[in-house]
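Starting from 1, each residue takes its place in the sequence as its number.
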Amino acid sequence: MNELITLGSGGWIPTPNRETCCYLYRNNDTILFLDAGTGISNLYRYSSILKKYNEINIILSHFHLDHIIGLSYLLNWIDKNQKLVIWGPGLPYYQDNCENIIQRIIGGDYFSRKIMDYTKQVEIKDYPGNSFKINNIDVEVFLQQHSAPSFGIKIDKLIYYATDTIVEEATVSNSKDCKILLHECWNIKIEDCQDKHSSLEALISQFSNNKDQIIRLIHINPNWNTEEVIHVKNILSKYPNIKLANDFDRINLN
Ligand SMILES: [Zn+2]
Ligand SMILES: [Zn+2]
């Protein structure tokens, strides 16, 4: 068993259709969240899945609030007896380690429960290198260009998660062997993108040749109106392997 569930396909601001960045990947032994945005709130549908695992792992791409605020909701579904392990960037990319950064936000002045007290065993770790293991899962992380250090995350050479980044040639080569690419799409036109986010035009020019890859566009701009969404879907109709991700999408990876 191997599957990917989209819990939050939006960026920055939750909308009636999209919570912010959060994806659930699991196999028989391990459950792993990619980011913990407001999409964690969609766990109400999957609490029975969560209960099957003794250990919950979360990998954070960076610390912008739309990617971590759901850590304050996780308490609603996690069991005291589960082990919680959070992996994120820390030193030398930030001025402090991941544990201290998360502890400042989830606890203290900002939230009445301390993250380290969520369960009987909580560990918060800096990425132990550019490639590491979480149980039986191979993880690789790649520094990306964004307004703060953010990381592309590759899981088991199966999923490549690239959010909060410009379109980079390195991502094209590092992700090409993956079955699924989750890539952010913030603007439609290249000229509307500065140096922090990706455009649909740039994504199509760089990634559309890889026709065997399932490409899902994520971190969708909350300000797109209905006409813009229709316009994007019309453009994408020429590329059958590329679609907008939607909350509750469930992809079987067996
Ligand atoms: Zn973001
Ligand atoms: Zn960001």
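For the pair His62 and Pro149, the tightest heavy-atom approach, listed with the atom from each and the gap, is CB-O, 3.3 Å. Nearest heavy-atom pair, Gln206 versus Val172, reported as atom, atom and distance to 0.1 Å: OE1-CG2, 3.6 Å. Taking every heavy atom of both residues into account, Ala162 and Ile218 meet most closely at O-CD1, 4.4 Å. Contact record, Glu19 with Leu7: CB-O, 3.8 Å, taken as the closest heavy-atom pair. In plain terms, the two heavy atoms of Ile190 and Glu201 that are nearest each other are N-OE1, 2.9 Å. Residues Gly37 and Ile69 approach most closely at C-CG2, 4.3 Å, considering heavy atoms.
In this model, a donor atom of one side chain and an acceptor atom of the other lie less than 3.5 Å apart for Asn136 and Asp29. Side chains of His219 and Asp164: a donor on one and an acceptor on the other come within 3.5 Å.
Looking at Thr15, its side chain does come within 3.5 Å of a backbone N or O of Arg18 through a donor-acceptor pair. A donor-acceptor pair under 3.5 Å links the side-chain atoms of Asn241 to the main chain of Gln213, judged by distance alone. Here the side chain of Tyr118 pairs a donor or acceptor atom with the backbone of Leu71 at under 3.5 angstrom. Judged by distance alone, the side chain of His146 and the main-chain N or O of Lys196 form a donor-acceptor pair under 3.5 Å. Side chain of Glu140 to main chain of Lys154: no donor-acceptor pair is present (N/O by atom type, distance under 3.5 Å, no hydrogens or angles). At distances below 3.5 Å, at least one donor-acceptor pair connects side-chain atoms of Gln82 with backbone N or O atoms of Leu50. Using a distance-only test at 3.5 Å, with no hydrogens or angles considered, no donor-acceptor pair links the side chain of Asp126 to the main chain of Asn97. Judged by distance alone, with hydrogens and angles left aside, the side-chain atoms of Gln145 form no donor-acceptor pair with the main-chain N or O of Glu168 at under 3.5 Å. Between the side chain of Tyr23 and the backbone N or O of Gly8, at least one donor-acceptor pair lies under 3.5 Å. A donor-acceptor contact shorter than 3.5 Å links the side chain of Asp156 to the backbone of Asp138.
Proximity of Leu253 to Ile159: side-chain heavy atoms (C-beta onward) are separated by under 4.5 Å at one or more points. In this structure, Lys125 and Val85 have side chains that are in contact, with non-hydrogen atoms separated by less than 4.5 Å. Between Leu34 and Thr163 there is no side-chain heavy-atom pair separated by less than 4.5 Å. Between Glu184 and Thr165 there is a side-chain heavy-atom pair separated by less than 4.5 Å.
In this structure, the ring of Tyr160 has its center less than 6.0 angstrom from the ring center of Phe142. Between Tyr127 and Tyr93, the gap from one ring centroid to the other reaches at least 6.0 Å.
Crowding of Asn76 atom CG: a count of heavy atoms from other residues, nucleotides or ligands under 6.0 Å exceeding 12. For Tyr110, the OH atom sits in a loose shell: 12 or fewer heavy atoms of surrounding residues, nucleotides or ligands are nearer than 6.0 Å. Residue-environment remark: NZ (Lys189) stays at or below the threshold of 12 foreign heavy atoms within 6.0 Å. By the neighbour-count criterion of 12 heavy atoms within 6.0 Å, atom CD of Glu169 is sparsely surrounded, having that number or fewer from other residues, nucleotides or ligands. Other residues, nucleotides and ligands contribute over 12 non-hydrogen atoms within 6.0 Å of the CH2 atom of Trp224.
Both the sub-6.0 Å distance and the 45° axial angle are not jointly satisfied by Arg26 relative to the ring of Tyr53.
Ring pair Phe63/Tyr94 is perpendicular by interplanar angle, where above 60° counts as perpendicular and below 30° as parallel. Using cut-offs of 30° and 60° for the angle between ring planes, the Trp186 and Trp12 rings count as tilted.
Between Ile40 atom CD1 and Cys22 atom SG the span is 4.0 Å, to the nearest 0.5 Å.
For Lys243 and Asp249, the salt-bridge test fails: no basic side-chain N is under 4.0 Å from an acidic carboxylate O.
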